[in-house]
Protein chains: 2
Amino acid sequence: MAKLSPETLRERSDHILDAAGRCFARAGFHRTTMQDICREAEVSPGALYIYFTSKEALIAGICERERAEFANRFAQMPVGSDLMGALANLGRQFLEDPLHRRLLCVEVGIEATRNPKVGEIQKSVEGFIRGSFHDLFTKLEAEGRIAPTFDIDTVVDAFMTIADGMLWRSAVDEKFNGDVVLPPLLQAIAALLRPVADEAKP
Amino acid sequence: MAKLSPETLRERSDHILDAAGRCFARAGFHRTTMQDICREAEVSPGALYIYFTSKEALIAGICERERAEFANRFAQMPVGSDLMGALANLGRQFLEDPLHRRLLCVEVGIEATRNPKVGEIQKSVEGFIRGSFHDLFTKLEAEGRIAPTFDIDTVVDAFMTIADGMLWRSAVDEKFNGDVVLPPLLQAIAALLRPVADEAKP
DNA sequence: CGTGAAAAAGAACGATCATTCGTTTTTATT
DNA sequence: AATAAAAACGAATGATCGTTCTTTTTCACG
């Protein structure tokens with residue numbers, strides 16, 4: 001006989017995941033203890049283990065959620081008439097959310113190289129993001145709005161390298177200032193995509 | 001009464017550091033045990049603790065050594081007549097050394113946000129690298145060999161962001177291929193530095 | 001060689017951690 | 001309200017890890 005409504009169950013599970021996310025970002029996956037997470041979530045070990053069967057499951061849960069949110073944000077990227085403006089907005093959007101989330105992305109990226117389960121999830125995130133940009137750039141090239149020197153696959157590779165660089169630096173360098181690096185990076189990306197002259201305001 | 005010559009002492013300490021580096025790159029700082037390192041170095045815990053007083057000291061030792069090697073390579077960067085070619089070589093050089101070293105760089109970068117001692121070392125590495133490029137770009141601008149749109153500080157920031165992106169991706173993405181992304185990234189960097197037309201062969 | 005101190009070994013210790021389990025509390029249903 | 005099962009609690013457990021300590025080995029010097 002079920003006791004808690006599915007919504008409540010989901011709510012508590014999310015609550016624990018939030019707490020775990022904060023702890024993981026603060027100390028890394030392998031230096032946060034289950035007690036840390038219990039304290040942060042104000043929940044007993046016994047309760048925690050009802051929602052997540054192990055620390056591994058908690059890590060995987062965090063990754064899954066990151067994937068969902070990533071996918072969401074990318075999916076609704078406004079592909080307006082001003083490409084570089086849209087990319088600038090997207091970049092700003094990422095740099096605006098809390099440091100702890102960006103640290104978590106980096107943490108997940110590293111964990112993915114060592115934990116097969118996380119690796120799978122990460123690979124699917126990567127695939128989604130890469131696919132989104134690939135489709136976008138392909139469409140833009142077909143429409144004659146960009147004229148890149150390299151083929152789209154290569155352009156996407158380079159673009160994602162620059163984006164990851166920004167993510168990494170924003171998470172790791174305390175002196176990082178998005179307002180300063182974003183303009184030159186957009187200039188560099190523009191050299192990659194080569195938007196055609198009348199792209200800005202058609 | 002000293003028993004082992006300073007060279008032997010240094011040799012053994014380096015040997016342990018090598019082993020620790022491999023372990024740390026493989027499993028991360030906090031998932032490698034002292035026993036792992038002992039096994040890899042073929043040394044007993046008792047012996048290890050003669051050379052390094054704690055796991056922390058071992059981590060710090062790894063960072064220090066990374067710093068020294070980084071500094072070395074950057075210091076002897078050939079600033080020939082072909083700037084973009086020199087940068088391409090530098091990039092290739094980094095992508096050529098073993099994955100385990102690049103993973104270690106990433107690991108150190110994250111650890112630096114959480115471990116004050118490592119943070120200090122990392123900050124000094126960063127400062128050195130940034131300084132090297134700042135000096136180089138400043139000189140090149142004064143000589144009229146580059147004409148960047150942004151001021152040198154900003155250009156260095158953006159440049160290092162792209163470089164870090166490459167380091168990160170090369171360490172974390174198993175499908176990463178330096179030969180593919182290097183050319184477009186150099187194109188992007190060229191848009192940042194804007195080398196003057198006759199830079200290539202004067 | 002013999003010696004004494006440094007170096008290495010590796011079993012053992014104490015602390016910490018993930019996880020479990022017996023008990024108590026909560027809550028949807030009667 | 002009464003109840004029965006789910007949910008939560010938190011002390012206990014067993015495993016693991018960093019570190020220490022006692023013993024053995026190695027080695028420069030007499």
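Every chain is numbered from 1, with letters handed out A, B, ... down the list of sequences.
- With a 4.5 Å cut-off on side-chain heavy atoms, B/F133 and B/I152 do not count as touching.
- For B/H15 and C/dA8, the NE2 to C1' distance is 13 Å, given to the nearest whole Å.
- Closest-nucleotide positions on DNA chain D for A/A47 and B/T53 were compared, and the one nearer the 5' end corresponds to A/A47.
- Of the candidates C/dT19, C/dA11, C/dA9, the closest approach to any side-chain atom of A/Q35 belongs to C/dT19.
- Across A/M166 and B/T161, no two heavy atoms sit closer than the pair N-CG2, 3.4 Å.
- Nearer the 5' end of DNA chain C, as judged by each residue's closest nucleotide, is the contact made by A/T32, out of A/T32 and A/G46.
- Counting any heavy atom pair closer than 4.0 Å across all strands shown, B/R31 reaches no nucleic acid atom.
- Here the nucleotide nearest the side chain of A/K55, chosen from C/dA18, D/dG18, D/dC9, is C/dA18.
- The A/I50 side chain lies nearest to D/dA7 when the options are D/dA7, C/dT20, D/dT19.
- The residue A/L9 sits close only to the backbone: its heavy atoms come under 4.0 Å of sugar-phosphate atoms, none of a base.
- Atoms CG (A/L48) and P (C/dC21) sit 17 Å apart, rounded to a whole Å.
- Atom CG in A/D36 sits roughly 12 Å away from atom C1' in C/dA18 (whole-Å rounding).
- Distances shown here put a side-chain N or O of A/S44 below 4.0 Å from the OP1 or OP2 atom of D/dC9.
- Remark: P of D/dG18 and OH of B/Y49 are 7 Å apart, rounded to the nearest angstrom.
- In this entry the distance linking CD of A/E11 with C1' of D/dA7 reads 15 Å, nearest Å.
- Across all strands, A/S5 comes closer than 4.0 Å to no nucleic acid atom at all (heavy-atom distances).
- Counting to the nearest Å, the C1' atom of C/dC17 and the NE2 atom of A/H30 are 14 Å from each other.
- Using a 4.0 Å cut-off between charged nitrogen and carboxylate oxygen, B/R73 and B/E96 do not count as a salt-bridge pair.
- Atom CG of A/L4 is separated from atom C1' of C/dT25 by 13 Å (rounded to the nearest Å).
- For the pair A/M34 CE and D/dG10 C1', the interatomic distance rounds to 15 Å; values are reported in whole Å.
- Contact of the A/D173 side chain with the B/D164 side chain is not registered, since no non-hydrogen atoms from C-beta on lie closer than 4.5 Å.
- OP1 or OP2 of D/dA8 has at least one side-chain nitrogen or oxygen of A/R12 nearer than 4.0 Å.
- A/Y51 comes within 4.0 angstrom of sugar-phosphate atoms only, judged by non-hydrogen atoms across all strands, and of no base.
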Given the rule in the side-chain contact (heavy atoms from CB on, under 4.5 Å) test, do A/C23 and A/R26 qualify, once you have shown the distances and angles that lead to the verdict? CA-CA 5 Å; A/C23 292; A/R26 190 186 306 136; 4.2 Å; yes
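- In this structure, the nucleotide among D/dT19, C/dA8, C/dA9 sitting nearest to the side chain of B/S54 is D/dT19.
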